[in-house]
Amino acid sequence: MNGEKRQPVSGKTAATIAIVVIVVLACVVSFWASTSPDGLEAVAAKLGFDKAEADSLWHFAPFTDYEGAFGIPTWLARLIGTGTVLVVGALIAKAVAHFRPHHDSTSNRP
Amino acid sequence: MHIPDGFLDLATCATTGACSVAIVGLAVHRSKLELDERSAPLTGLTAAFIFAAQMLNFPVAAGTSGHLIGGALAAVLIGPWTGILCLTVVLLVQCFMFTDGGMTALGANVWNMGIVAVVVSYLVMRLMLRVLPKRTSSVPIAAAIGAFVSVVAGAASFCFLFAVGGTVNVPLGAVVTSMLGVHVLIGIGEALITGLVVAAVLALRPDLVAAARPYTHIEPPKVRIDPEVVA
């Protein structure tokens, strides 16, 4: 674009790199994640309030605890979740941007 | 740091839910100023990266792990208001597709990780950018410091909610000491990941880092112009 600095990589290359990194993290590296309880779970167990944890009230989650189900392998379940976040996030941003005020359009009026 | 069902009473869940809905609604309104249609893919990619990275628990102490929250990363890349929307999408999908975080505690989780973490990290980052040298390389450092503080702030926010509406009677001092102690360690991991990712994005596409625009002298995304006006 005129007047803008040349970027080290094109938008398409940057998006490709980002998608590859995200897919590798979600579908490969996540299998090496620590299975130890996270900070809150560890503190709850240490102080004894973990017993207050109730079974989830939401019974329609397809992939409990990020594991595969219905014949779908775990890596694909995680990929589906990642793809869902990507698409929903982008669509919401696009919808919000659609209602952005058009400052330039008013200033350009004759 | 996802709160499951049962840790907080219904009044606290309802109150945090109402507050979160209000702030997310405000974020929808204010993010219009941060977004254009060109930046929509970046928002989706940021949310997807945070979702994937949150599955990668790293060990922080014997028998304890932590994971990225991503509030600082979202705030530095796409701005605080869009960052709140980003984290909200991540938490919604985690709750309803993967039962990570309770449904009744969804408002509290959005409050701690989607609002407190994003807002605190953004404010700390802005403060650090005033103090640090005015150059691009200061941005990853400021983001990392913001990320560290955001994790501790999220943990402190949980302590407050648990003190107000916890369902089990536990000495508050013990909760605060334990939560802050372990989340200081997790915050170091959050700071390292955030700093490295921001540095990598700056190296590849500095125009995609919202917080770096004052230093890169790259114009923000153009506002769309009505075709009829151009004609």
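Computed from heavy atoms alone, side chains included, the values below leave out hydrogens, waters and symmetry copies. Proteins come first, then strands; the chains are lettered A, B, ... in the order of their sequence lines, and each starts at number 1.
In terms of non-hydrogen atom pairs under 4.5 Å with chain A, the most contact-rich of B/Gly63, B/Gly66, B/Gly102 is B/Gly63. Heavy-atom pairs under 4.5 Å with chain A were tallied for B/Phe96, B/Phe49, B/Phe58; the largest tally goes to B/Phe96. Top candidate by heavy-atom pairs under 4.5 Å with chain A, chosen from B/Thr43, B/Leu45, B/Val182, B/Val175, is B/Leu45. With chain A as the partner, the residue from B/Gln54, B/His29, B/Gln94 showing the most heavy-atom pairs under 4.5 Å is B/Gln94. The residue among B/Val89, B/Ile78, B/Ile186 with the most heavy atom pairs within less than 4.5 Å of chain A is B/Val89. Between chain B and the residues A/Pro37, A/Ala42, A/Gly83, the most heavy-atom pairs under 4.5 angstrom are made by A/Pro37. Ranked by heavy-atom pairs under 4.5 Å with chain B, the first of A/Val24, A/Val29, A/Leu47 is A/Leu47. Heavy-atom pairs under 4.5 Å with chain B were tallied for A/Gly39, A/Ala26, A/Cys27; the largest tally goes to A/Gly39. Most heavy-atom pairs under 4.5 Å with chain B, from the set A/Val88, A/Thr35, A/Leu57, A/Leu79: that is A/Leu57.
Listed for the B/Thr194 side chain is no donor-acceptor partner under 3.5 Å among the backbone atoms of B/Leu73. Looking only at distances, a side-chain donor or acceptor of A/Arg78 sits under 3.5 Å from a matching main-chain atom of A/Tyr66. Side chain of B/Ser157 to backbone of B/Ala153: no donor-acceptor contact under 3.5 angstrom is found. Formation of a donor-acceptor pair under 3.5 Å by the B/Thr177 side chain with backbone atoms of B/Gly173 is found in this model. A donor-acceptor pair under 3.5 Å links the side-chain atoms of B/Thr167 to the main chain of B/Gly6, judged by distance alone. Proximity of a side-chain donor or acceptor of B/Asp5 to a complementary backbone N or O of B/Thr104 within less than 3.5 Å is detected. The backbone N or O of A/Pro8 sits nowhere less than 3.5 Å from a side-chain atom of B/Arg205 that would complete a donor-acceptor pair.
Heavy atoms closer than 4.5 Å to chain B are found nowhere in A/Ala45, neither backbone nor side chain. Heavy-atom distances place the side chain of B/Val93, and not its backbone, under 4.5 Å from chain A. Residue A/Ile92 touches chain B through its side chain alone, counting heavy-atom pairs closer than 4.5 Å. Contacts between A/Val21 and chain B at a heavy-atom distance below 4.5 Å involve the side chain alone, from C-beta outward. The part of B/Phe51 that comes within reach of chain A is its side chain, from C-beta onward, which places non-hydrogen atoms under 4.5 angstrom from that chain. Looking at B/Ala61, there are no atoms closer than 4.5 Å to chain A (heavy atoms on both sides), in backbone or side chain. Interface residue B/Thr64: backbone and side-chain heavy atoms are both found under 4.5 Å from chain A. Contacts between B/Leu56 and chain A at a heavy-atom distance below 4.5 Å involve backbone atoms as well as side-chain atoms. Of the two parts of B/Ile3, the backbone and the side chain both hold a non-hydrogen atom closer than 4.5 Å to a non-hydrogen atom of chain A. Heavy atoms of B/Val201 lying under 4.5 Å from chain A are absent altogether. Contacts of A/Leu91 with chain B are absent, with no heavy-atom separation under 4.5 Å from either backbone or side chain.
Scored by the ring pair (Phe, Tyr, Trp, His ring centres under 6.0 Å) test, B/Phe148 finds no partners at all (sequence neighbours excluded).
Under the 30°/60° scheme for interplanar angles, the aromatic rings of A/Phe49 and B/Phe162 are found to be tilted. Between B/His67 and B/His2, the ring planes are tilted. Angles from 30° to 60° get that label.
Atom CD1 in B/Ile23 sits 6.5 Å away from atom CH2 in B/Trp81 (nearest 0.5 Å).
Residue pairs that meet the side-chain hydrogen bond (donor to acceptor under 3.5 Å, both in side chains) test with at least one member in residues 45-56 of chain A, sequence neighbours left out, are A/Lys46-B/Ser178.
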